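Worth saying up front: this structure is predicted, and the values here are computed from it rather than measured. All ligand and atom numbering here is 1-based and tracks the order in the structure.
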Amino acid sequence: MKLCSFVILTILLRNISAANILIVGLLDSVSHRIWYEQLIGGLVEKRHNITLLSYADAKLKVDNYTVIKFDAKPQEIMDEIQIDIINNEISFLENLRQLWMWLTMTAEIDLKSDSLQTILDYPRDKFDLIIFEIFNGQHLYSLVDHFGNPPVIAISPMGLSPNILDAMGGHSFSYYPIYCSRYNDQMNLLQRAQNWIMYLIDNYYKWTNIPRLEILAHDKFGNDITPIYDIEKRIQILLANYDPILDYPIPLPPYIIPVGGLHTKRSTP
Ligand SMILES: *[C@@H]1O[C@H](CO)[C@@H](O)[C@H](O)[C@H]1NC(C)=O
Ligand SMILES: *[C@@H]1O[C@H](CO)[C@@H](O)[C@H](O)[C@H]1NC(C)=O
């Protein structure tokens, strides 16, 4: 029996081969990119072949890493509709409204783009794994169906925001300060109530906007696509930019793997 397992293991190990991995990491913000290009570098080093869908060209120059560039210019769209989602002066509600308006506008452009057609023309069995940067890109979740339902995992360079916790397990915590608040984990009752309501509002915007993205996706992928929420439930693990030592404590299910500081490199002496 032992010999048998040994033989099987040896055969399996010999057959381990590089995977073709599709990463949907559209956003070209420095803080997101330094994070997932570090991940890409690690995957390429392990001889996997990476295809990234993004609004920007590759900054990392390595073999077996291809970027399919999407045409939407997120910054120009922001300027055009005169929004400023990183502005601290505007209210939380206005900030969320602008964020989702912007996400919907970029989604509309993405779904009509030739770049999407380029990736759709790839062989249907091309990818062994799809990774979504879960901040945006929900309008492209139908790629999972299109490529024959390979395993899906998610990454979150932004840490744990309410919409991400909602996707991965559905918590609305009162004691974990929401990303946009100025609270820490020492909140009084009133502040905790406010924090919890902000969680709900943040999710409310997601729940009302995802159906809009789905309607846009129907035009490209057809009417019988798997609902975005069902694809979301197929996400098997989330690698989150969260560090239990540096961030506020939060109980996490085992499939949320904290990899805070992934982007840091060993410094030279
Ligand atoms: C790139 O992929 C090819 C084919 O799988 C492989 O032979 C080559 O070693 C890879 N290059 C690197 C730098 O891993
Ligand atoms: C790696 O991915 C690129 C772009 O998606 C593709 O053109 C190439 O054929 C792939 N290489 C292998 C060895 O599968």
Worksheet item: Numbering the atoms of ligand 2 from 1, which are under 4.0 Å from a heavy atom of T66?
Response: 3 (C), 4 (C)
Discussion item. Please determine whether a side-chain nitrogen of the Lys or Arg among E232 and K206 lies less than 4.0 Å from a carboxylate oxygen of the Asp or Glu.
Written reply: yes
Discussion item. For atom 1 (C) of ligand 2, what is the closest protein heavy atom, and at what distance to 0.1 Å?
Written reply: N49 ND2, 1.5 Å
Worksheet entry | Euclidean distance, I153 CD1 relative to I130 CD1, rounded to 0.5 Å | 11.5 Å
Worksheet item: Looking at atom 3 (C) of ligand 1, what's its closest protein heavy atom, distance included?
Response: N64 ND2, 3.7 Å
Fill in: atom 12 (C) of ligand 1 protein-contacted (non-hydrogen atom, under 4.0 angstrom)
yes
Practice prompt. Would you check the N or O atoms of D63, main chain and side chain alike, for any that come under 3.5 Å of an N or O of ligand 1?
Written response: no
Worksheet item: When hydrophobic residues are tied together by side-chain contacts of less than 4.5 Å, even through go-betweens, does V259 share a cluster with I34?
Response: no
Item to complete: Measure from the ring center of H32 to the ring center of F135 and say whether it is less than 6.0 Å.
Response: yes
Discussion item. For atom 7 (O) of ligand 2, is there a protein heavy atom at a distance under 4.0 Å?
Written reply: no
Worksheet item: Once the angle between the rings of Y122 and F127 is folded into 0 to 90°, is it parallel (under 30°), tilted (30 to 60°) or perpendicular (over 60°)?
Response: parallel
Fill in: Part of N20 with heavy atoms under 4.0 Å of ligand 2, whether side chain, backbone, both or neither
side chain
Fill in: Donor on one side chain, acceptor on other, N49 and N20, under 3.5 Å
yes
Response to the item:
Separation between CD1 (I257) and CG (L239), nearest 0.5 Å, reads 5.5 Å
Discussion item. I'd like to know if L216 and Y141 are part of one continuous hydrophobic network [Ile/Leu/Val/Met/Phe/Trp/Tyr, side-chain heavy atoms within less than 4.5 Å].
Written reply: yes
Discussion item. Taking 4.0 angstrom as the limit and counting only heavy atoms of Y122, give me the atoms of ligand 2 inside it, by number and element.
Written reply: 4 (C), 5 (O)
Worksheet item: In the protein, which heavy atom is nearest to atom 9 (O) of ligand 2, and how far is it?
Response: K126 NZ, 3.8 Å
Fill in: Taking atom 14 (O) of ligand 1 as the reference point, the nearest protein heavy atom with its distance
R47 NH1, 3.3 Å
Discussion item. Only heavy atoms of T51, strictly under 4.0 Å: list the atoms of ligand 2 that pass.
Written reply: 2 (O), 4 (C), 5 (O)
